[in-house]
Amino acid sequence: MGKFNKPITSFKNRTVLVVGASSGIGFEISKELRFLGRKLIVVARRVDIFEKHFPQNTFLKTDIADENSMDKLFEVIEKEGLGIDTVFWCAAIYTPMSYVDFSYEQAQKITTSNLTSIYKPFWTITQKWIKDRDRFVENPHWIWISSVAGYVGLPGSCAYGPTKSALNNVAESAFVEFKPFNIDISLVCPGFVDTRLTKKNSFPMPFIISPKEASREIFNGLHRGLFEIHFPKKFTVILKMISLLPYRLFFQLTSKLTGRSK
Ligand SMILES: NC(=O)c1ccc[n+]([C@@H]2O[C@H](COP(=O)([O-])OP(=O)(O)OC[C@H]3O[C@@H](n4cnc5c(N)ncnc54)[C@H](OP(=O)(O)O)[C@@H]3O)[C@@H](O)[C@H]2O)c1
């Protein structure tokens, strides 16, 4: 079988947008891309770290959960004629939360940041890729950073897990829909990565890796033309296998994995 996507062997001719670039995985990806791409635009709510690492005209303070803020970002992109042809969508928030000890406000916030807010930018940018074909590289590419938390319903990942399952679904359906337009879609499903996000976890996190290792895995996967880039395999393959089991076994294993079995 051929490659899923056109392998990205060089970013030289690409204008890249990294959403959620101020820490963790997005920051590592952006640091790597500073010297590789034609142009790099990084966005997040906190810009202090950008001031130290990126030239002035390449970062924009943006809150993806606020529609006005997103509209401003697109105004700038339009005004400056930034022909973005590659997007790394890394932004997300997480709070460990169970249905037994639930916060409706928190669940809503997570759902807005991780899921609802993706539609408008995804639609706006991909429409441009379809309608203004000649302005962009041969294969524009959208890379969703999702999570293994989307593979199976894991206790304690309430709101966050469902947003990641939905994101996997978005990527799978968009991959097929956009193929005739030469638009590439990749889905990245990391296991545990040592970032601000996982600092909130109080349980031991198996096979945890550094953001640098995560970014290396992502660039390798893009270089190989993969659709799904998942890592570390020791962990992701176990979860994939659990997702195929009958529910009696499935629940035994997910309880055990999250320290809930008696
Ligand atoms: N760490 C892990 O173990 C792990 C595992 C699987 C998947 N992931 C996924 O990997 C991605 C990156 O996470 P990370 O671990 O690197 O976490 P992180 O260090 O907390 O980074 C999250 C990034 O998202 C940005 N962000 C969050 N809300 C935003 C908003 N409303 N507007 C704009 N930017 C926003 C943050 O910037 P500001 O706060 O400055 O806005 C930050 O740059 C996420 O999609 C996460 O779900 C992480």
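Heads up: numbering here begins at 1 and tracks the sequence. This structure is a prediction, so every number in the text was calculated from the model and none was measured.
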Check salt bridge (Lys or Arg N to Asp or Glu O under 4.0 Å) between Asp66 and all other residues, then give those that pass, not counting sequence neighbours. none
Interatomic distance, Asp194 atom CG to Lys212 atom NZ [nearest 0.5 angstrom]: 14.0 Å
Is there a chain of hydrophobic side chains (I, L, V, M, F, W, Y, each step under 4.5 Å between heavy atoms) that links Ile25 to Phe235? no
Close side-chain approach of Leu226 and Ser186, heavy atoms under 4.5 Å: no
Between Thr62 and Met70, is there a donor-acceptor pair closer than 3.5 Å when you use the side chain of the first and the backbone of the second? no
Flag the pair Glu78 and Lys128 as a salt bridge only when some basic side-chain nitrogen lies within less than 4.0 angstrom of an acidic carboxylate oxygen. yes
If I take atom OG1 from residue Thr116 and atom CD from residue Gln108, how far apart are they, to the nearest 0.5 angstrom? 9.0 Å
Is the Tyr119 to Phe122 ring centre distance short of 6.0 Å? no
Less than 4.0 angstrom from a charged side-chain N to a carboxylate O is my criterion; do Lys72 and Glu75 meet it? no
Atom CG in Asn220, atom OG in Ser215: separation rounded to 0.5 Å? 9.0 Å
For Glu138, which of Arg133, Arg14, Lys6 qualifies under salt bridge (charged side-chain N to carboxylate O under 4.0 Å, His left out)? Lys6
Distance in Å, Leu36 CG paired with Ile29 CD1, rounded so as to fall on 0.5 Å steps: 12.0 Å
Could you name each residue pair satisfying salt bridge (Lys or Arg N to Asp or Glu O under 4.0 Å) that touches residues 98-109, not counting sequence neighbours? none
Between the side chains of Glu228 and Lys240, is the shortest nitrogen-to-carboxylate-oxygen separation below 4.0 Å, so that they form an ion pair? yes
Side chain to side chain contact (heavy atoms under 4.5 Å, CB included) evaluation trace for Lys120 with Phe74: CA-CA 11 Å; Lys120 197 169 173 187; Phe74 282 107; over 6 Å; no
To the nearest 0.5 Å, what is the distance between CD1 on Ile84 and CH2 on Trp129? 8.5 Å
Just verifying a value: how many Å separate Asn182 CG and Asn5 CG, rounded to the nearest 0.5 Å? 10.5 Å
Flag the pair Val42 / Phe88 as yes when at least one side-chain heavy-atom distance between them is below 4.5 Å, and no otherwise. no
Applying the ring-ring contact (aromatic ring centres under 6.0 Å, His included) criterion to Phe175, which one of Trp142, Phe227, Trp144 satisfies it? Phe227
